[in-house]
Amino acid sequence: MTSASRILVVEDEADIAGLIKHALERAGHSDVQVVGSGDAALKAVAEQPPALVILDLNLPIVSGTDVCRLLRAQSETARLPIIMLTARTGESERIAGLDLGADDYITKPFSLRELAARVRAVLRRGPRSAEATPVVYRGAHLTADFDAVSVQAEGREVRLTRREFELLKCLVENRNRVLSRDRLLQRVWGYDREIETRSVDVHVGRLRSKLGAAVGAQIETVVGLGYRFVE
Ligand code: CA
């Protein structure tokens, strides 16, 4: 059973944990639980899965990355919303966390307003949906039928190469989530070691220009991390 509104904060630095709890309470989240280690987090989730986990990556003994991996590996918690807290310097860790399936990340130092806004967005989105089966996507500017391999931007049919199409599909299926270049490479190109992450940038560039300004702008570059399709 998921507790409808409980937010679990996993942070070993008591000052930061206290600030987060206070900010969440001020934003109207009355049920906030704080734990100071990864194993305490796993225990708390096993006892009663919360609505959301705010997970610091830098934890003693069991790291936040491990907590994320373990939660995603179990069917009961595979789709539990997770927001990671990361240090500005820990880029590779952050990418690893996103690739492990965190829903969003916040870089320290962060504003408490930003934190409250991210929490609101992730809770509104609810649990991650199961791997989406290809369907028709209809957005404000983009319509894509992933079964029929048909893409329209601003009502105009767009001809894409196979790779561009797969790239768009991957971005749209994971919309509003950051995908690292490595993840995109794995998903779109397979595990081909000959391909460099730079290829992703080149294909994103082509995709943007083919789709036009409105849809192109929806494919955001997230500096140091990768790409995100926003709607
Ligand atoms: Ca910490």
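The residues of the chain are indexed from 1 along the displayed sequence. Counting starts at 1 for both ligands and their atoms, following the listed order. Quantities reported herein were computed from a predicted structural model and do not represent experimental measurements.
Within Glu11, the N, O or S atom at minimum distance from the Ca ion (ligand 1) carries the name OE2. Looking only at its N/O/S atoms, Asp12 has OD1 as the one nearest to the Ca ion (ligand 1). The Ca ion (ligand 1) is closest to atom OD2 of Asp56 (considering only N, O or S atoms).
A donor-acceptor pair is defined here as one N or O able to donate and one able to accept, closer than 3.5 Å; no such pair exists between the side chain of Glu13 and the backbone of Asp15.
For Arg156, the CZ atom is densely surrounded, since the number of other residues' heavy atoms within 6.0 Å is greater than 12.
Residues Asp201 and Arg208 are not paired through a salt bridge, judged by the lack of any N-O separation under 4.0 Å between the basic side chain and the carboxylate.
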Requested in this report: Apply the test side chain to side chain donor-acceptor pair (under 3.5 Å) to residues Asp182 and Ser180: give CA-CA distance (whole Å), side-chain angles for both, the deciding distance (0.1 Å), then the verdict.
Outcome: CA-CA 5 Å; Asp182 283 338; Ser180 70; 5.4 Å; no
